[in-house]
Every structure is written in structure tokens, then in C-alpha cells.
Amino acid sequence: MVARVIPVEDFDLVIFGGTGDLARRKILPGLFHRYLAGQIPPEARIVGAARSEMDAEGYRAFTREALQEFAPNSCKDGGQVEAFLAMLSYVAIDARGDGGWKELAGLMRPDVVQAFYFSVAPALFGDLAERLHGHGIATEASRIVVEKPFGRDLESARQLNRGLAEYFTEEQIYRIDHYLGKETVQNLMAVRFGNVLFEPLWNAQFVDHIQVTVAETVGVGGRGEYYDKSGAMRDMVQNHLMQLLCLIAMEPPSKFDPDAVRDEKLKVIRALDPVAPEDIVRGQYRAGEDGPSYLEEVGDPRSTTESFIALKVHVANWRWNGTPFYLRTGKRLRARMSEIVVVFKEPPHSIFGDDAGRSANILTIRLQPDEGMTLQVTIKEPGPGGMRLIDVPLDMSFAEALGESGNQMPDAYERLIMDVVRGNQTLFMRGDEVEAAWAWTDPLIAGWEARRDKPQAYHPGTNGPEDSLMLLHRDGRRWRDLEA
Ligand code: NAP
């Protein structure tokens, strides 16, 4: 099966922070892949902007290196690389200064889609918005893309929203959460709302509980200073895990339209109960054979920031009353693995008797390392040994099922940038969603700060702190094993 590629219309994209890590690793390789796929028209313009002094040729050399490092397999055709690089130019601009803006204005074409990617620290969002407006560059049709973190609490998120709202309408603002750009995450919606099999069972009557895991094997590394001010709750739960929870728990939107989907997600966030202290487990990794401890990495022996968190969360509405959502995320764990697991209830009565065994259907939606879904179903053990039941997976690994097009599934950033050009905000967070997520998160953080709770130490390469296992054990449940 060959993936259908629908070209986007002509555009000018300015990447503020065009020399940064995100631009090198994700944005530029992502654009290159879309170019190779035939989705980007050759007339489109991509403009890097940052304080560093360089000319267009210098930026092309910078991008050539980035592509060779982060998209080596796609660089085999040198002609294609050069053709892509020919679309690039560069302007030296300080977000807080006044130089370079005239030059930028001269590069922008009034009759094509204009997008400005703010791949810089959030403290600069307001400055960029003000100057784009003040220099007459942004128009009513321009779009801006903003990166995480979108605030560190409700107040700072409100300030960011207010700062952007002075110059741009909500329809112009694309807040990225790259988890929403993952193929499987969108497939979660396709599975729920495109089949009749699942939706009638998608509620507390049939679902025992849901697990959402985002596990990493790496530590904080060079990001220690940033991470220590944030922690797993702010860095991962408030945004990525919350977005996944919303897509699992939301009511069917009336149509697949940006505001209809985001309205339903917002209702889920607003329905979240506060989390009791005994339902929160925070952890910090110790030193291991292959790396220093969290405290050593962040350089503060007294830090109480968590590198791991597990929570038991309740969505207080009719659909989910009594079905807990267990969320966990952490660094330096046993495996790099992200998945959503929907554990259905066992059949109410076994006609086969206790000896036959019984179990529950489990739908697993894997986000990484390999995207795909598995539905565990119960069948009879083959052979003449009587009626004994076993579980077998109905497996759908996208790369296998979709053949070549599955292997070439675009990275989340590629899809999201193309959505910006297309003007489709469905997979971007709305301002009120972000604020509602912080409104739920803030009291939890304030609670453990007031109690002076310390995170529990855990060994690297494990499933995290002992208490996180107990969070499920005490409910007669267990986490799925962390395995890549
Ligand atoms: P980075 O590597 O530190 O790059 C920052 C970029 O901003 C550089 O191009 C820098 O270039 C430019 N810059 C800094 N100050 C500027 C100013 N006053 N005016 C204009 N440009 C300025 O950061 P990054 O990792 O690329 O991250 C960028 C944003 O994406 C941040 O908000 C980050 O939180 C977010 N993000 C990053 C990742 C990731 O994987 N890296 C993931 C998710 C979100 P000059 O020094 O030349 O000006």
C-alpha cells in the first residue's frame, strides 16, 4: 500500500531559533522528508532566523550537516538535498532587537501561506509576536507555531496566552504537543470512532482500568538545569500524558473538526478529580553502573524534583465513574516504551469452570518504539486437552500491515508542520485546554511542596520506585511490564 501524499499550497515558513537543537533534529529534517515525499511545492520558502550572524549560504551548509546527521538515509540523492537547500534563506534577528526585521519583511510574499515557528525559549514569544506585528510582517492570515513548555503553572500560561492574544487570534496560534502528531495517537481516534466494535464497550461498565506509560531509558543529561525546575509532572504529565488521557476518555465529537475535538478534550480535563496524596508516587533515579544519579546530573544534592511520577486519576463523569486511569512516566527506566493499555473487565460468568482459566481482553496502543496496536483475545488452547483458555494477540504493527508506507510513516513534527500550512488546528492545543490542564496540575504540585514530600529513590534500569508498583497492587492490578 502506498501512502497518499497530498501536496500543500505554497508557503513561507520562518523558523525563529532556526539554528537551535530542535530545528536541527526535527524541524529541518522533517521539512526535508516532506519535500522528498512531494508534499512541499518547490516554490516554498524556509527562512532560518536567530541571532548568529550568517548568510543564506551559511545556513544551507548548517542545514546540510543537520540532514546528514539526523536524516542520513534520506540524503543519498545529493541532487534532492541541494534542491531542498535552495529553498532556504537566513536572516540574523534578535527577538529583542530591531535589526533584521526589514530584511525579513522583504522576503515574505503576501499571496502565500505565512507561518512563523517560535522554536525559541517561551520568554521570547511575546517579543517575537510584538515585533512581527510592529514591523508589519504578520498579517491577519499569518500562523504562529509555539513550542512547549507552555508555562510552568496556570499564571505563567495565562501570561503567555495573553501576550500572544494581543497580536494573534486563537485561530492563528498552533501550540505543539508532538504526541498528538503520532500516527498511533490519531489511530486511537480512528479505532474508537471508525469502528462499531469498541465504542459501545468504551466505558466504566466494561473497562476495568486504563494505563498510560511513557518510559525513557535516558536520564536528564545536559538538560539538568532546565529539567530540575520542571520535573516529570510539568515536563510530561501536564501536556503529553494529559493529551493522551483526553483522547482516550473524551466523548465522540460531532465531527472531526478542530473545535469539536478540542471542546471534548477540554471537558475531560475539567472533569478530572483532584488526586489524593496517596495516589501520587514521585521518584528520583540513583546512580547506576552506566551513569550518575539524578542529583549528580542536576548538580543539586538537595533537589526534590521528580524524574519519575505515577498517578491514579479519576475522570469524574458518567462514562468513567469507577474506572481509574493510571499514568506513569519517568527517566532511566528499564525500557524506552510509550503505550496506552485499555484493560477490559473479565466476562461476568465463566461457563467453562474455574479450571479453564479466565482473563480479560486488553487493547494495547503502542506509541514507541514501534507504533501499532494489539488486541488480546481469549481462545481455546489447541489440542485435545479439554476446554482450556489462553490469550492470543490480534496484532497490528503498522509497519508490517501497511508495508512500505507503514515504514515511511512521517515523524510527528512532519505531520504537524504540514497541518500548520494546511490550516488544520485539530492536533494542536487550544489556549483554554492548556490553562485547564495547569489548573488541575498546580494544586497537586502545591500539595507535595506544602507537605515537603521527597521523591523515592529508584535504581536505574528498573520499573521505577517500589511504591509505584504498590499503587496498582493495592487495587489488585499490575502495571504492564516495561519492555521495548
Ligand atoms: P536551543 O538549542 O537552545 O536553541 C535556541 C534557538 O533560539 C537558537 O537558534 C538560538 O540561536 C535562538 N535564540 C536564542 N535567543 C534568541 C534571541 N534573543 N533572538 C533570536 N533567536 C534567539 O533550544 P531548542 O532545544 O532548539 O529549543 C527551542 C524551543 O523548543 C524551546 O522552547 C524548547 O523548550 C522547545 N523544545 C525543544 C525540544 C528539543 O528536543 N530540543 C523539544 C520540545 C520542545 P542564537 O543563539 O544564534 O540566537
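Indexing begins at 1, ligand by ligand and atom by atom, following the structure's order. Positions are given from 1, in the same order as the sequence printed here. From a predicted model like this one, the values you see are computed outputs, not experimental measurements.
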Starting from [atom], which protein heavy atom do you reach first, and at what distance in Å?
{"atom": "atom 47 (O) of ligand 1", "answer": "S52 OG, 2.4 Å"}
{"atom": "atom 42 (C) of ligand 1", "answer": "L22 CD1, 3.9 Å"}
{"atom": "atom 4 (O) of ligand 1", "answer": "G20 CA, 3.3 Å"}
{"atom": "atom 2 (O) of ligand 1", "answer": "D21 N, 2.8 Å"}
{"atom": "atom 32 (O) of ligand 1", "answer": "V120 O, 2.8 Å"}
{"atom": "atom 10 (C) of ligand 1", "answer": "T19 OG1, 3.9 Å"}
{"atom": "atom 18 (N) of ligand 1", "answer": "D94 OD1, 2.9 Å"}
{"atom": "atom 16 (C) of ligand 1", "answer": "R51 NE, 3.4 Å"}

One thing to verify: whether [Y] and [X] come together as a salt bridge, which I'm taking to mean a side-chain N less than 4.0 angstrom from a carboxylate O.
{"X": "D111", "Y": "R109", "result": "no"}
{"X": "E433", "Y": "R175", "result": "no"}
{"X": "R96", "Y": "D127", "result": "yes"}
{"X": "D467", "Y": "R282", "result": "no"}
{"X": "K331", "Y": "E216", "result": "yes"}

* Which one holds for D127 and ligand 1: side chain close, backbone close, both close, or neither close, with close meaning a heavy atom under 4.0 Å? -> neither

* To do: Could you establish whether R25 and ligand 1 come within less than 4.0 Å of each other, counting only heavy atoms on the residue side?
  => yes

* Asked: If you measure every N/O of A50 against every N/O of ligand 1, is any gap under 3.5 Å?
  -> no

* Asked: Do any N/O atoms on A95 end up under 3.5 angstrom from N/O atoms on ligand 1?
  -> yes

* Options E147, R223, K148, ranked by nearest heavy atom to atom 33 (C) of ligand 1, top entry -> K148

* Under the criterion ring pair (Phe, Tyr, Trp, His ring centres under 6.0 Å), which of F308, Y458, Y285 is the partner of Y294? -> Y285

Residue [X] vicinity, atoms of ligand 1 by number, heavy atom under 4.0 Å:
{"X": "I93", "answer": "19 (N), 20 (C)"}
{"X": "P149", "answer": "34 (O)"}
{"X": "L124", "answer": "15 (N), 16 (C), 17 (C), 18 (N)"}
{"X": "P122", "answer": "32 (O)"}

* To do: Using the six-membered ring of W479, assess whether NZ or CZ of R328 lies under 6.0 Å from its centre and within 45 degrees of the ring axis.
  => yes

* To do: Would you verify whether the NZ or CZ of K182 falls within 45 degrees of the ring axis of Y179 while also being under 6.0 Å from that six-membered ring's centre?
  => yes

* Asked: Is any side-chain heavy atom of R332 less than 4.5 Å from a side-chain heavy atom of V218?
  -> no

* Asked: Is the centre of the F16 ring less than 6.0 Å from the centre of the Y117 ring?
  -> no

* To do: Assign the ring pair Y90 / Y59 to parallel, tilted or perpendicular, where the plane angle (0 to 90°) is split at 30° and 60°.
  => tilted

